[in-house]
Amino acid sequence: MRIRATVAAVSGALALSALAVPAANAADSAPSKADLFQAAHRAAAGKSAFTGSTAAAAPYALDLKFSGVSVNNGKPIVVGTTGKVSAPVSFKVTHAADIDLDAEDIELDVLLYRGTLSNPVNILWGDNWPSCVNVSATVATCKNTIDIRPADGDLLNSDATSFKALGYAYDWNDQDPYTEGGIDWSKVGYTEADALTLAKLQRASKLTVNAAPEPVRKGATITVTGKLSRANWEDNQYHGYSTQPVKLQFRKKGSSTYTTVKTIKTSTTGALKTTAKATADGYFRYSFAGTSTTPTVTTAGDFVDVR
């Protein structure tokens, strides 16, 4: 789930001067995670929820800290063109003894964003609130996911980069953000912690191989073709990845080790084509080492029967 650079105007479910659901829309326009975060973030900065004017009151500092944040177990989040990618998020929360994380008016989470908080390019969220387990009266461990749906427009190709993790928490103290009438921000506890860790997004890659002819006479020429492509998040298709180095590798039948025969580059359309001598029965494959925006990918071996 994402909110793009238009995050400052995420929903008509909020009144301009305070967080509230207009009576006419209360049944179907309850504030989203993005609504709540945006309003609290601006109020903490001394601004009204969306107008940017000076707020009448600001939230008090909530005595809660985030640590040990891990996104996708420290690995890049690889996203294709369809379905939903759910990257696991885990973190520790340390808080004052009088804060009850099980209370209904306590909400907290970790989001991912790039750009700046005042002008984010993209924000990625989890569909749900995290599940937390109390380790002691002041420490809890929490788990959630960052949920990404590329077919819904969650990503642009430029999002294949690093995102910052930000933790935030509210204690609404019986101020209900889901009902009409606004809230008294001075009674709301709020905290946020920026740059807790970095998470990298990558465009999923595909690689094919075909060695022919087969069977083939010993000493004859084998032509090995294939294609390297990667996800395009803006049209939800896979397109050829041009001018990338790819290794042609061979494993002799009965061996478990591949050796590199040569390295070639993909064409402008991502196509691969090269030749090799038929010396023995075995398997040819292509292997791509990856780039900062695109993960490594290796084909299965294509068997060639040499006679």
Side-chain angles (χ1 to χ4, degrees), residues 1-4 7 10-11 13-14 19-21 26-44 49 59-73 77 84-96 98-113 117 120 122-149 152 154 163-179 183 185 187-197 199:
M1 185 169 69
R2 67 88 179 88
I3 295 296
R4 287 215 163 272
V7 67
V10 287
S11 176
L14 300 180
L19 187 59
V21 181
D28 56 5
S29 300
S32 67
K33 268 188 174 184
D35 295 330
L36 298 177
F37 171 74
Q38 178 67 13
H41 175 74
R42 292 187 64 80
Y60 67 85
L62 187 63
D63 189 0
L64 182 149
K65 293 180 174 60
F66 294 84
S67 62
V69 176
S70 173
V71 179
N72 206 41
N73 300 311
I77 303 171
K84 180 176 78 169
V85 174
S86 294
V89 179
S90 61
F91 54 94
K92 183 172 77 171
V93 171
T94 304
H95 56 86
D98 61 351
I99 295 177
D100 180 7
L101 295 189
D102 294 325
E104 290 185 357
D105 51 2
I106 297 285
E107 293 176 324
L108 57 86
D109 205 358
V110 169
L111 59 81
L112 298 180
Y113 79 96
L117 277 176
N122 197 358
I123 303 180
L124 301 172
W125 315 74
D127 291 346
N128 303 302
W129 295 102
S131 172
C132 296
V133 176
N134 293 317
V135 178
S136 70
T138 58
V139 177
T141 56
C142 303
K143 294 182 178 181
N144 201 7
T145 56
I146 295 293
D147 298 300
I148 305 170
R149 296 174 177 81
D152 290 350
D154 284 3
F163 281 63
K164 294 179 181 178
L166 178 141
Y168 62 97
Y170 329 100
D171 186 344
W172 295 109
N173 287 310
D174 298 324
Q175 297 292 305
D176 189 351
Y178 297 95
T179 58
I183 63 174
W185 281 109
K187 296 180 180 179
V188 176
Y190 179 70
T191 188
E192 62 183 45
D194 195 6
L196 294 170
T197 191

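Everything quoted here is computed from the prediction, not taken from an experiment.
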J.: Answer yes or no: is there a side-chain heavy-atom contact under 4.5 Å between Ile106 and Asp100?
T.: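 No, every pair of side-chain atoms sits at 4.5 Å or beyond.
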J.: A side-chain contact here means heavy atoms from C-beta on lying under 4.5 Å apart; do Trp129 and Lys33 qualify?
T.: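 Sidechains of Lys33 and Trp129: in contact.
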J.: NZ/Lys92 to OG/Ser67 distance, rounded to the nearest 0.5 angstrom?
T.: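 Between Lys92 NZ and Ser67 OG, I get 4.5 Å after rounding to 0.5 Å.
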J.: Parallel under 30°, tilted from 30 to 60°, perpendicular over 60°: which one fits the rings of Phe37 and Tyr190?
T.: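 Aromatic pair Phe37/Tyr190 classed tilted.
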J.: Stepwise, does the side chain to side chain contact (heavy atoms under 4.5 Å, CB included) test hold for Leu108 with Cys142?
T.: CA-CA 10 Å; Leu108 57 86; Cys142 303; 4.3 Å; yes
J.: Where is the tightest heavy-atom contact between Ile77 and Ala87, given as atom of each residue plus distance?
T.: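 In this case the closest contact between Ile77 and Ala87 is CD1-CB, 3.7 Å.
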J.: Which pair of non-hydrogen atoms, one from Asn173 and one from Gly189, has the smallest distance, and what is that distance?
T.: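 In terms of heavy atoms, the two residues are closest at ND2-N, 4.0 Å.
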J.: Would you call Ser90 and Thr141 a side-chain contact if the rule is heavy atoms closer than 4.5 Å?
T.: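 No, every pair of side-chain atoms sits at 4.5 Å or beyond.
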J.: Looking only at non-hydrogen atoms, find the nearest pair between Leu196 and Phe66 and report the distance.
T.: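 Scanning both residues completely, I find the closest heavy atoms to be CD1-CB, 3.8 Å.
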J.: Any idea which heavy atoms bring Leu111 and Ile146 closest together, and the distance?
T.: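 So the two residues come closest at CA-CD1, 4.3 Å.
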J.: Is any side-chain heavy atom of Leu62 closer than 4.5 Å to a side-chain heavy atom of Tyr170?
T.: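 No. Closest side-chain heavy atoms not under 4.5 Å.
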J.: Should Val89 and Pro130 count as side-chain neighbours, where that means a heavy-atom distance under 4.5 Å?
T.: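 Counting from C-beta outward, Val89 and Pro130 never come under 4.5 Å.
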J.: Between Thr197 and Phe91, does the side chain to side chain contact (heavy atoms under 4.5 Å, CB included) criterion hold? Intermediate values first, please.
T.: CA-CA 11 Å; Thr197 191; Phe91 54 94; over 6 Å; no
J.: Report yes if some heavy atom in the side chain of Asp109 is under 4.5 Å from a heavy atom in the side chain of Tyr168; otherwise report no.
T.: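 Yes; the side chains approach each other to less than 4.5 Å.
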J.: May I ask you to test the Leu117-Glu192 pair for a side-chain heavy-atom distance under 4.5 Å?
T.: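 Yes, side chains in contact.
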J.: Apply side chain to side chain contact (heavy atoms under 4.5 Å, CB included) to residues Asn144 and Val110 and explain how you reach the verdict.
T.: CA-CA 8 Å; Asn144 201 7; Val110 169; over 6 Å; no
J.: Which heavy atom of Ala96 sits nearest a heavy atom of Thr138, and at what distance?
T.: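 Heavy-atom minimum between the residues: C-CG2, 4.3 Å.
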J.: List the steps and the verdict of side chain to side chain contact (heavy atoms under 4.5 Å, CB included) for Leu64 and Leu101.
T.: CA-CA 10 Å; Leu64 182 149; Leu101 295 189; 4.0 Å; yes
J.: Distance from His95 atom NE2 to Asp63 atom CG, nearest 0.5 Å?
T.: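 Spacing of NE2 (His95) from CG (Asp63) equals 9.5 Å.
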J.: Is the closest basic N to carboxylate O distance between Arg149 and Asp127 below 4.0 Å?
T.: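 A salt bridge is present here (some side-chain N lies under 4.0 Å from a carboxylate O).
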J.: Looking at every non-hydrogen atom in both residues, tell me the closest pair between Asp154 and Leu124 and how far apart they are.
T.: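 Reported closest heavy-atom pair: O-CD2, 4.3 Å.
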J.: Quick one: are Ile183 and Trp172 in side-chain contact, heavy atoms under 4.5 Å?
T.: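 They are in side-chain contact.
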